[in-house]
Amino acid sequence: MGGERKFRAVRGVKDILPEQVAAWRHVERTFREVFALYGYGEIRVPIFEETALFARSIGETSDIVEKEMYTFPDKSGNSLTLRPEGTASVVRAFMENSLDKLQPPVKLFYMGPMFRYERPQKGRFRQFHQIGCEFFGVAGPEADAELLQMVHYAFDRLGVPGLKLKINSLGDGECRPKYREALIDYFRPLAEKLCENCRRRLEANPLRVLDCKAASCRELRREAPRTGDFLCGDCGNHFQAVKGYLEEWGVPCTVDSEMVRGLDYYTRTTFELTSDRLGSQDAVAAGGRYDELVESFGGPPTPGLGFALGMERLVLLLPEGAGGGERVPPVFVAALGEEARRIGLRYVTELRRKGVPAALDYDGRSLKSQMRRADRMGARHVLILGDKELEAGRLLLRDMSTKEQEEVSIGSAVERAANLNRKAAE
RNA sequence: GUGGGUGUAGUUCAACUGGUUAGAACGCUGGACUGUGGCUCCAGAGGUUGGGGGUUCAAGUCCCCUCACUCACCCCA
């Protein structure tokens, strides 16, 4: 080896070990099933894109674009960026592959790593993982309600406790500019009292002031105009209808008129699923409608909506050992002596070829040590072969839970062990 | 990017106001049982006290720098 320094994972990234992967797979499996039920197909998009794609969709003045992207020039000088979220790529792919020419709706889901240069803390990493989906081509409130219902259903199946669903409507190209103006008018005389941050973004992105957690800003916005009061007729009706469906379908949620998302492409419905058990990074999933995004990319006017969840945060909320216990216990082959070990290795291979997980000791340890190993890896059956057994042509097959041992002939040992193991696995 | 807290065996933690050879539990390896797991008992391996510098006769302990983790701000999934 002769290593001169120890390598460590870089700041903000994590190894996910087998023990934890069980929970991850459990989540992934659940969402794959739910997505299938709701008609979503999986899409796999690149991990990096042209920088401008994200700048344009997420918003030039958003924090993500301003200071959190992993942006680098490639060898030919193009500016590329590790994706900080999934929607921009999926929308790009949707257009590039002419999915906009298909009969709507088009429903796509994805899962994978995202990258944001942020200060790591609980539930926040520089490489993190999202599961998300995008739903194109349906403008009506049924789409919003269905998406919310699906999210609610999936989390319900996972049994995540203590979640709260908050929804809001931000209006559209018609009424949002008016609301924006009203907000600026309201806050401008108060600008002195706003926090430094909000003062700066008042003109660029006034909606964000609503989201500020500073006590002073919180106080100042008490009398601020509400999104709800400015929704145009269409947006108001849309929002009413969404809420109506949710109530009818028993999807619990509360309206939070101060909730603003950090990505600029949202219109009308937005939502957030939060947990009180995550500390300050409390959003587990979030999303909303983005009816103007496809068009802003030069595509045909296409309504769309979607959501994404944070894997690391969701896994934090899962009960201990979630997704475990699905492992099939192996048959352990305990071999004593060189000849026995050669045969043991062959048995292990044969068992595996029959679809039975099998293991043995690679180091030629004592039988006691091998038994302990078998016990620890949860083997239900151990095939014991040593000189005595080889001579007699009969091996021992031990049931670890009952401690009963039967003799089996060399020829039938593998078959017998495989059958018992299968039966025990049921 | 800003502020607070914390870094000691693989893991969770000890070590009085600086003072001999840095301990325990769990885990790991072996033995008691020389060919049979879990329980018990015994033994063993395993540490440049995150890294670097400084103060001191003496630093795990005090000071500085750095890195990481953590909490909050910020931001968001």
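Chain letters run A, B, ... following the sequence lines, proteins first and then strands; every chain starts at 1.
Between the CD atom of Glu134(A) and the P atom of A77(B) there is a distance of 12 Å, given to the nearest Å. Rounded to whole Å, atom P of U70(B) lies 14 Å from atom CG of Leu278(A). In this entry the distance linking CZ of Arg277(A) with P of A77(B) reads 22 Å, nearest Å. Separating the CZ atom of Phe115(A) from the C1' atom of C76(B) is a distance of 17 Å, rounded to the nearest angstrom. In this structure, Asp15(A) places its CG atom 12 Å from P of C69(B), rounding to the nearest Å. Here C76(B) presents its C1' atom at 17 Å from CD of Gln127(A), a figure rounded to the nearest Å. In this structure, NZ of Lys122(A) is placed 19 Å from P of C74(B), rounded to the nearest angstrom. C73(B) atom C1' lies 14 Å from atom CG of Asp282(A), rounded to whole Å.
Comparing the P positions of G44(B) and A58(B) gives a spacing of 34 Å, expressed to the nearest Å. Rounded to the nearest Å, the gap between the P atom of G30(B) and that of G23(B) is 26 Å. For the P atoms, the distance from U61(B) to G19(B) is 10 Å, rounded to whole Å. Nucleotides U17(B) and C74(B) are separated by 41 Å at their C1' atoms, to the nearest Å. The gap from the P atom of U8(B) to that of G31(B) amounts to 33 Å, rounded to the nearest Å. The P atoms of C63(B) and G27(B) are separated by 38 Å, rounded to the nearest whole Å. One C1' atom belongs to A24(B), the other to G18(B), and the distance between them is 23 Å to the nearest Å. G50(B) and A68(B) have their C1' atoms separated by 7 Å, given to the nearest Å.
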Output the pairing pattern of RNA chain B as a dot-bracket string, 5' first, Watson-Crick or G-U wobble with both distances under 3.5 Å, | for cross-strand pairs, [ ] for crossing pairs.
(((((((..((((.....[...)))).(((((.......))))).....(((((..]....))))))))))))....

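Listed by first and then second residue, the salt bridge (Lys or Arg N to Asp or Glu O under 4.0 Å) pairs that reach into residues 39-67 of chain A are Arg32(A)-Glu42(A), Glu42(A)-Arg44(A), Glu49(A)-Arg92(A), Asp63(A)-Lys67(A), sequence neighbours excluded. Within the structure, ring-ring contact (aromatic ring centres under 6.0 Å, His included) pairs that include any residue of residues 267-291 of chain A comprise Tyr265(A)-Tyr290(A) (at least two apart or interchain). Applying the ring-ring contact (aromatic ring centres under 6.0 Å, His included) definition to pairs two or more places apart or across chains, those involving residues 120-142 of chain A are Trp24(A)-His129(A), Phe94(A)-Phe136(A). Applying the salt bridge (Lys or Arg N to Asp or Glu O under 4.0 Å) test to residues at least two apart or on different chains, none of the pairs has a partner in residues 275-286 of chain A. Note on residues 136-150 of chain A: pairs passing salt bridge (Lys or Arg N to Asp or Glu O under 4.0 Å), not counting sequence neighbours, are Lys107(A)-Glu146(A), Asp144(A)-Arg289(A).
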Protein within reach of the bases, or only the backbone? For nucleotides 33-45 of chain B, mark each nucleotide 5' to 3' as B, S or -, using heavy atoms under 4.0 Å.
B-BBBB-------

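Applying the ring-ring contact (aromatic ring centres under 6.0 Å, His included) criterion to Tyr153(A), with sequence neighbours excluded, gives no partner residue. With sequence neighbours left out, Thr349(A) forms a side chain to side chain contact (heavy atoms under 4.5 Å, CB included) with Arg353(A). The salt bridge (charged side-chain N to carboxylate O under 4.0 Å, His left out) test applied to Glu33(A) returns Arg157(A), not counting sequence neighbours. With sequence neighbours excluded, the residues that form a side chain to side chain contact (heavy atoms under 4.5 Å, CB included) with His152(A) are Val251(A), Pro252(A).
Here the rule is side-chain contact (heavy atoms from CB on, under 4.5 Å) with Gln127(A), and of Val10(A), Val13(A), Leu82(A) only Val13(A) fits it.
Note on Gly287(A): nothing from the nucleic acid sits closer than 4.0 angstrom, heavy atoms only. Residue Arg365(A) is classed as a sugar-phosphate contact, given heavy-atom separations below 4.0 Å to backbone atoms only. At a threshold of 4.0 angstrom between heavy atoms, the contacts of Gly12(A) are confined to the sugar-phosphate backbone, with no base atom among them. Looking at heavy-atom distances under 4.0 Å, Ala374(A) makes no contact with the nucleic acid at all.
In terms of position along RNA chain B, the nucleotide closest to Gln121(A) lies nearer the 5' end than the nucleotide closest to the other residue of the pair Arg313(A) and Gln121(A).
In the interface, the side chain of Arg11(A) is not paired with the base of C69(B) through any donor and acceptor atom under 3.5 Å apart. Between the side chain of Arg116(A) and the base of C76(B) there is no donor-acceptor pair of N/O atoms closer than 3.5 Å.
Distances were taken from every side-chain heavy atom of Ser280(A) (C-beta onward) to each of C74(B), C69(B), G31(B); the shortest belongs to C74(B).
Sorted by residue number, the members of residues 53-72 of chain A with any non-hydrogen atom under 4.0 Å from RNA chain B read Asp63(A), Glu68(A).
In this structure, Cys235(A) SG and Phe230(A) CZ are separated by 13.5 Å, a value rounded to the nearest 0.5 Å.
Between Phe54(A) and Thr71(A) the shortest side-chain heavy-atom distance does not fall below 4.5 Å.
In this structure, Arg126(A) is not positioned above the aromatic face of Phe115(A) in the sense of NZ or CZ being under 6.0 Å from the six-membered ring centre and within 45° of the axis.
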